[in-house]
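One structure is given here, and the rest of the page talks about it.
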Number of protein chains: 2
Amino acid sequence: MGVSIRDVAKRAGVSIATVSRTFTIPQKVTPLTRKKVIKAAKELDFTISRSASSLKSGRSFRLAFLTGGEIESWYDSNILSGLNSILHDAGYDIALYTVSDISQRKAFFSDMSIKRNADAVLVVSFQIAKDEAEGFKATKIPLLGINTDPMEEFTASIVIDNAKSMKLIIEYLAKLGHKNIAYLCVDPDLENFRWNGKARLNGFFEACRSVSAEIHPTIVYAPKDHNRADSAFSQLACMPNKPTAVVCMNDEYAIPLIFRMQQSGWSIPEDISVVGFDDSTYAQEIGLTTVHQDPKEMGRATARILLKLLSEATITNSVQVEPSFLIVRNTVAQVL
Amino acid sequence: MGVSIRDVAKRAGVSIATVSRTFTIPQKVTPLTRKKVIKAAKELDFTISRSASSLKSGRSFRLAFLTGGEIESWYDSNILSGLNSILHDAGYDIALYTVSDISQRKAFFSDMSIKRNADAVLVVSFQIAKDEAEGFKATKIPLLGINTDPMEEFTASIVIDNAKSMKLIIEYLAKLGHKNIAYLCVDPDLENFRWNGKARLNGFFEACRSVSAEIHPTIVYAPKDHNRADSAFSQLACMPNKPTAVVCMNDEYAIPLIFRMQQSGWSIPEDISVVGFDDSTYAQEIGLTTVHQDPKEMGRATARILLKLLSEATITNSVQVEPSFLIVRNTVAQVL
DNA sequence: TTGAAAGCGCTACCAT
DNA sequence: ATGGTAGCGCTTTCAA
């Protein structure tokens, strides 16, 4: 298997212990020796073997990324990208686990063998049961949650404030005179697994209530598939008193809906105002008024927290709220 | 570090060798003993330690995924997702490496230490130099390319036929009477790194030439940033004789462009026809006529090839062309 | 089919 | 600051 630490030690004229040190705790090695070792290593194309160092040190240098969604989604892939941009250089791999229903989730958490092969686990966008999380308390393996209901069982939670963001939307809409506001979202029966759906839905109604008694909120459900725009549009078009604004659970509902409306001759925002959520792909180019959040940056933030957790072994129970804010663009009009 | 293979062996009343075998080559263990071992393992929450088994077997169970783009892009994230859906269950991790320019690429390939810590490397969407690839020939580490110019240095290449797909577009357009056709793409100076840009550009002109002498192709460059739709639109609107159709290097140019055009009062496809490439996010919902390809399935196909390569150690030099085809939807009209 | 045992390449402890 | 060395948990050869 090519060169080993032994070869480098020989060539540099030092012990293997010294070679190991120059790569793991360089400050414990004289600059001169360090230089010799580095030189020898370079000449031999040597790097520390991950498996050997993991085995010996008892750390796997591996993060389990557990998602209830799809890796290729805008959200998950950005989280992953942000995570990797920091973790990769710190020597960590990210192992991707997907669960698509509660039984798979249960299986993941009951099979605690993960603990043997990961230094931390990260739960992305879905909710887990208290007892599932509790299994981790016994170990010192950090359990982090991104975009999950921040339970105290998590070592750290990284979230945005969905409720506050919804309130920002409703306040803005109310200020422009909107009273008849619809909320477009996936039928919760289709998606009781993801977390932020609930958070946003509740946030919407709560915001309507708290902002003004004059607001009449309604709800429109659409399927998750490619008919969602058609479905939403026809429901909206048929409503006895058409709302003046539609708030969408995310941009993925808003963008095709706007398209569909335009295709049917409606003008946005003249005929109806539309608000998205996420500020994801195309939102900026299309001029969508939406709530901005930055999952890539959240991934980076999570990586930093993780690294700290892993080096200091501090058992915190922190909740880090990342920024989210309304971006006003061109899809909302004043009610005349 | 919890239970080890020794504990399981003791509890099952067998040797550690037998425990190891039941997990790696189960067919070499009597069903009865196997059952005993599995039972003991389950009771103890035991799994094989990745690092120990890697160290001993000399295989890292790790794939280096090297991309010149962004992990969160539609293409890369789908490739990754497809890859992981098969590789994860086969016990492989995917380590994400990103390079954003030629010097980083050089660094990756000159630092051959990857070989120590990955069982294979996968180059995604960009071109590498012959000598960079040659470094791998000496080792038995497979070097695969997805969406790269299929060089013979690759152990296997997985691609779509960009040229053929372009021809499909042009033939379709020609049949509907289009003669004045524009190609919208990123300025190649901005992006000489990614591969398929060139392949599609060349494919476009070649297809125009071969399909009909009456076709007048033109080219429109747009920046990569969020102004691309504006930029493309104003160039198109100002052209002395406006093209009847615009072929876009990918959907990411087509979708905002269509939006922009509609916003300015143009109707698609009545005022101008637009064709995309990729069949990516929103293409179906928006009714975009485009070339379909399925990177998630390509990821799966690559994983299968890889697994075979890794188990049989066959040094092939295969080129697998994955399907791509034109999907006719609603953004192309007949020329009157 | 199963067991004994060597040793993969490191890290970390203890000496010097 | 550096070296010697035990041993991390497994896989795999060899023998029984």
Side-chain angles (χ1 to χ4, degrees), chain A residues 1-38 40-41 44-62 91 113-119 310-311 313, chain B residues 1-38 40-41 44-62 91 113-119 310-311 313:
Chain A
M1 272 277 76
V3 296
S4 85
I5 202 171
R6 217 159 242 111
D7 304 303
V8 179
K10 198 177 297 172
R11 181 177 257 259
V14 296
S15 71
I16 62 166
T18 300
V19 177
S20 176
R21 274 185 217 109
T22 77
F23 287 105
T24 51
I25 30 173
Q27 66 278 16
K28 289 221 148 199
V29 176
T30 314
L32 185 68
T33 354
R34 206 191 303 163
K35 203 177 291 174
K36 282 194 299 183
V37 173
I38 302 281
L44 296 173
D45 260 341
F46 170 83
T47 345
I48 294 291
S49 148
R50 308 191 112 240
S51 30
S53 93
S54 296
L55 174 59
K56 183 63 213 189
S57 67
R59 305 175 62 186
S60 65
F61 289 99
R62 196 165 175 267
S113 61
I114 308 300
K115 295 185 295 191
R116 239 168 110 71
N117 290 310
D119 293 339
L310 256 16
S311 65
Chain B
M1 271 273 80
V3 296
S4 86
I5 202 172
R6 217 159 241 112
D7 304 304
V8 180
K10 197 177 296 170
R11 182 179 258 258
V14 297
S15 72
I16 62 166
T18 300
V19 177
S20 176
R21 277 185 213 109
T22 75
F23 286 106
T24 51
I25 30 171
Q27 65 276 17
K28 290 219 148 200
V29 175
T30 313
L32 186 69
T33 354
R34 203 190 306 162
K35 202 177 292 175
K36 281 193 301 185
V37 173
I38 302 281
L44 296 173
D45 261 340
F46 170 82
T47 346
I48 294 290
S49 148
R50 307 193 110 241
S51 29
S53 87
S54 296
L55 175 59
K56 185 63 215 190
S57 67
R59 306 175 59 186
S60 66
F61 289 98
R62 194 164 176 268
S113 61
I114 308 300
K115 296 184 292 188
R116 240 169 111 70
N117 289 311
D119 294 338
L310 256 16
S311 64

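Note that the coordinates shown come from a computational prediction; the quantities given were computed from them, not determined experimentally. Protein chains get the first letters and strands the later ones, always in sequence-line order, with residue 1 at the start of each.
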(message) Please compare B:Ile25 and B:Leu55 by the position of their nearest nucleotide in DNA chain D and report the one closer to 5'.
(response) B:Leu55

(request) Could you check how far CZ of B:Arg59 sits from P of C:dG9, rounded to whole Å? (result) 16 Å

(request) Under 4.0 Å between any heavy atoms, over every strand shown, what does B:Thr24 touch: base, sugar-phosphate, or nothing? Just pick one. (result) sugar-phosphate

(request) Please examine the side chains of A:Lys36 and A:Thr33, heavy atoms only from C-beta on, and report whether any two atoms are closer than 4.5 Å. (result) yes

(request) Could you tell me whether B:Phe46 contacts a base, only the sugar-phosphate backbone, or nothing, with contacts defined as non-hydrogen atoms closer than 4.0 Å? (result) sugar-phosphate

(request) Could you provide the dot-bracket string of DNA chain C, using ( ) for intrastrand pairs, [ ] for crossing pairs and | for bases paired to another strand, with Watson-Crick or G-U pairs below 3.5 Å? (result) ||||||||||||||||

(request) Could you tell me the separation between the NZ atom of B:Lys10 and the P atom of C:dA4, rounded to a whole number of Å? (result) 13 Å

Under 3.5 Å, which N/O atoms of the protein pair with N/O atoms of nucleotides 1-3 of chain C?
residue : atom : partner : partner atom : Å
C:dT1   : O3'  : B:Thr30 : OG1          : 2.5
C:dT2   : OP1  : B:Thr30 : OG1          : 3.1
C:dT2   : OP1  : B:Thr33 : OG1          : 2.5
C:dT2   : OP2  : B:Thr30 : N            : 3.0
C:dT2   : OP2  : B:Thr30 : OG1          : 3.2
C:dT2   : OP2  : B:Thr33 : OG1          : 3.3
C:dG3   : OP2  : B:Ser15 : N            : 2.9
C:dG3   : OP2  : B:Ser15 : OG           : 2.9
C:dG3   : OP2  : B:Thr18 : OG1          : 2.5
C:dG3   : N7   : B:Arg21 : NH2          : 3.2
C:dG3   : O6   : B:Arg21 : NH2          : 2.6

Determine all donor-acceptor pairs shorter than 3.5 Å in which one atom belongs to a side chain in residues 7-23 of chain A; sequence neighbours excluded.
residue : atom : partner : partner atom : Å
A:Asp7  : OD2  : A:Ser4  : N            : 2.6
A:Arg11 : NH1  : A:Glu43 : OE1          : 2.2
A:Ser15 : OG   : A:Ala17 : N            : 3.4
A:Ser15 : OG   : A:Thr18 : N            : 3.3
A:Ser15 : OG   : A:Thr18 : OG1          : 3.2
A:Thr22 : OG1  : A:Val19 : O            : 3.1

(message) Starting the side chain at C-beta, find the nucleotide from D:dT12, C:dA12, C:dG9 nearest to A:Ser57.
(response) C:dA12

(message) Output the rounded distance in Å from CZ (A:Arg50) to C1' (C:dT11).
(response) 16 Å

(request) Identify whether any heavy atom of A:Ser51 sits under 4.0 Å from a base atom; if not, whether one sits that close to sugar-phosphate; answer base, sugar-phosphate or nothing. (result) nothing

(request) For B:Asn117, check side chain to side chain donor-acceptor pair (under 3.5 Å) against everything at least two apart and list the hits. (result) none

(request) Rounded to the nearest angstrom, tell me the gap between atom CG in B:Asp7 and atom C1' in D:dC8. (result) 14 Å

(message) What I want to check is whether an N or O donor and acceptor connect the side chain of A:Lys56 with the base of C:dG9 at under 3.5 Å.
(response) no

(request) Rounded to the nearest 0.5 Å, what's the gap from CD1 on B:Ile114 to CG on A:Asp45? Could you check? (result) 10.5 Å

(message) Within the 4.0 Å heavy-atom criterion, would you say B:Ser53 contacts the bases, only the backbone, or no part of the nucleic acid?
(response) sugar-phosphate

(request) Please report the closest heavy-atom contact between A:Gln27 and A:Arg34, naming both atoms and the distance. (result) CA-NH2, 4.4 Å

(message) Which residue in the set A:Val37, A:Val3, A:Ile38 passes side chain to side chain contact (heavy atoms under 4.5 Å, CB included) when paired with A:Phe46?
(response) A:Val3

(request) Return the value, rounded to whole Å, for the distance between atom CD1 of A:Ile5 and atom C1' of D:dG4. (result) 14 Å

(request) Output all residues satisfying side chain to side chain donor-acceptor pair (under 3.5 Å) with A:Ser49, sequence neighbours left out; order by chain, then residue number. (result) A:Ser51

(message) Could you work out, with side chain to side chain donor-acceptor pair (under 3.5 Å) as the rule, every residue matching A:Thr47, not counting sequence neighbours?
(response) B:Ser113

(message) If I compare all heavy atoms of B:Phe61 with all of B:Asp119, which pair ends up nearest, and what's the gap?
(response) N-OD2, 2.7 Å

